[in-house]
2 protein chains.
Amino acid sequence: MPFQIPDSLILPALIERPFSMHYDFSDDDAARYRLDEQVGFLLRKASQRHLSIFSQNLSALTATQFAALAKLCELGPTSQNALGRATAMDAATIKGVADRLRARDLVTAEPDPVDRRRHYLIPTEAGRALYAELAGAALKISTETLAPLSDKERETLLSLLAKMG
Amino acid sequence: MPFQIPDSLILPALIERPFSMHYDFSDDDAARYRLDEQVGFLLRKASQRHLSIFSQNLSALTATQFAALAKLCELGPTSQNALGRATAMDAATIKGVADRLRARDLVTAEPDPVDRRRHYLIPTEAGRALYAELAGAALKISTETLAPLSDKERETLLSLLAKMG
DNA sequence: TCAATACCATTTGTATACCAACGAATGTGA
DNA sequence: TCACATTCGTTGGTATACAAATGGTATTGA
């Protein structure tokens with residue numbers, strides 16, 4: 001690690017500020033901000049890496065489509081919006097995902113006899129078979145995503161992510 | 001928490017399998033798979049929450065646009081693709097982001113005198129001013145995203161995410 | 001019962017995100 | 001010098017993701 005000249009010697013911001021600032025931060029935020037250390041950037045990069053591993057190991061479906069199919073197989077017949085809530089997709093997003101799953105005959109829609117607004121989504125035989133066939137690969141993808149971490153670190157990461165909600 | 005009937009009593013999968021499987025997993029992967037425990041799903045949900053906090057606290061730019069502008073202010077004049085690499089965006093993505101920043105006069109493009117393929121991206125005065133103005137909010141967003149965690153947990157999470165690449 | 005409210009599914013519009021392909025320019029090695 | 005590969009920026013296509021608006025339906029409360 002080479003010697004780092006501190007920002008305070010490089011950036012004249014702290015000197016050239018005769019008046020008080022309009023926000024609540026004591027130091028020069030622009031100088032302190034490091035993109036590579038922000039949690040949002042690290043989350044985005046980790047997600048990108050995961051999705052890359054996913055598509056390499058499971059090309060039949062996207063990660064989102066697999067999530068919807070898996071949850072639907074887990075829950076059984078579910079309305080479209082309810083499936084969206086269970087998979088963290090808003091109504092507009094789950095619509096597109098469900099459409100693409102239906103176009104491939106992995107899912108069908110049945111009108112709800114009680115509530116005429118609703119349509120149940122139901123996995124087809126082909127959908128259940130594909131899920132059963134791919135579940136192993138999906139588990140392997142999770143393992144591979146966490147491969148850089150030790151067993152204890154994996155557990156820690158998952159619990160911290162869950163805690164962040 | 002009401003009593004939960006264990007899956008083994010509901011799902012006949014473990015009983016109804018007379019032959020060996022075609023893949024390497026000893027148990028019924030489809031029955032073992034829980035979307036809510038997979039790292040990819042947890043990463044997606046954490047990112048969603050972060051982006052929601054971001055847009056609530058900083059509506060002038062998207063998180064991606066702010067990331068590109070911040071990195072450009074940090075690096076100085078940079079070719080478009082190089083900025084994309086520095087911010088984890090591929091060539092097609094950074095193109096759109098740079099176009100939108102240029103449309104708002106936060107960034108300009110200058111031809112590279114040595115390499116006629118390249119254009120330098122350079123933050124304008126307005127771009128630097130906006131970055132300086134918003135950097136504090138961006139730091140606050142990171143803090144708020146990590147708010148459910150203790151100080152020690154925050155540090156742990158960031159280092160584990162960084163370790164995952 | 002009826003009006004206000006909430007929910008369901010859909011549509012439109014914008015913004016990432018990535019793949020694949022492309023022409024132009026640059027770099028390389030023999 | 002010249003074929004080859006690489007890089008740069010762009011384009012077209014597909015797939016999330018979310019905001020906002022809409023029409024239809026259901027629920028609720030006075």
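Note that the structure is predicted; figures quoted are calculated from it, not measured. By convention in this document, chain letters (A, B, ...) are assigned in the order of the sequence lines, proteins followed by strands, and residues within each chain are numbered from 1.
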Side-chain N or O of [X] less than 4.0 angstrom from OP1 or OP2 on [N]?
{"X": "B:Q48", "N": "D:dT16", "value": "no"}
{"X": "A:S79", "N": "C:dA9", "value": "yes"}
{"X": "B:T64", "N": "C:dT16", "value": "yes"}
{"X": "A:R118", "N": "D:dT25", "value": "no"}
{"X": "B:S55", "N": "D:dC18", "value": "no"}
{"X": "B:R44", "N": "D:dC18", "value": "no"}
{"X": "A:R100", "N": "D:dT16", "value": "yes"}

B:A63 or B:A92, whichever maps to the more 5' nucleotide of DNA chain C: B:A63
Closest-nucleotide 5' rank along DNA chain C - winner of B:R117 and A:S52: A:S52
Backbone N/O of B:A68 and side chain of B:T87: donor-acceptor pair under 3.5 Å: no
Under 3.5 Å: donor-acceptor pair, side chain of A:E155, backbone of A:K152: no
Touch class at under 4.0 angstrom, heavy-atom based, for A:D115 against every strand present: sugar-phosphate
Pairwise side-chain contact, A:L72 with A:T78, heavy-atom cut-off 4.5 Å (strictly under): yes
Tell me the interatomic distance from [X], atom [atom1], to [N], atom [atom2], rounded to whole angstroms.
{"X": "B:Y120", "N": "D:dG9", "atom1": "OH", "atom2": "C1'", "answer": "15 Å"}
{"X": "A:F66", "N": "D:dA15", "atom1": "CZ", "atom2": "P", "answer": "18 Å"}
{"X": "B:F54", "N": "C:dT16", "atom1": "CZ", "atom2": "P", "answer": "11 Å"}
{"X": "B:F41", "N": "D:dA17", "atom1": "CZ", "atom2": "C1'", "answer": "14 Å"}
{"X": "A:H50", "N": "D:dT16", "atom1": "NE2", "atom2": "C1'", "answer": "13 Å"}
{"X": "B:L58", "N": "C:dA15", "atom1": "CG", "atom2": "P", "answer": "15 Å"}
{"X": "B:H119", "N": "D:dT10", "atom1": "NE2", "atom2": "C1'", "answer": "11 Å"}
{"X": "B:I94", "N": "D:dT7", "atom1": "CD1", "atom2": "C1'", "answer": "17 Å"}

Given [options], which nucleotide is nearest the side-chain atoms of [X]?
{"X": "B:K95", "options": "D:dT10, D:dT16, C:dT11", "value": "D:dT10"}
{"X": "A:T93", "options": "D:dA26, D:dA17, C:dT11", "value": "D:dA17"}
{"X": "B:R116", "options": "C:dC8, C:dT16, C:dT26", "value": "C:dT26"}
{"X": "A:D90", "options": "D:dA19, D:dT16, C:dA9", "value": "D:dA19"}

Audit row: B:I141, B:E144, side-chain contact (heavy atoms from CB on, under 4.5 Å) steps and yes/no: CA-CA 5 Å; B:I141 286 163; B:E144 190 173 336; 5.8 Å; no
Aromatic centroids of A:F41 and B:F66 separated by under 6.0 Å: no
Full working for salt bridge (charged side-chain N to carboxylate O under 4.0 Å, His left out) between B:D28 and B:R32: CA-CA 6 Å; B:D28 189 321; B:R32 283 199 304 142; over 6 Å; no
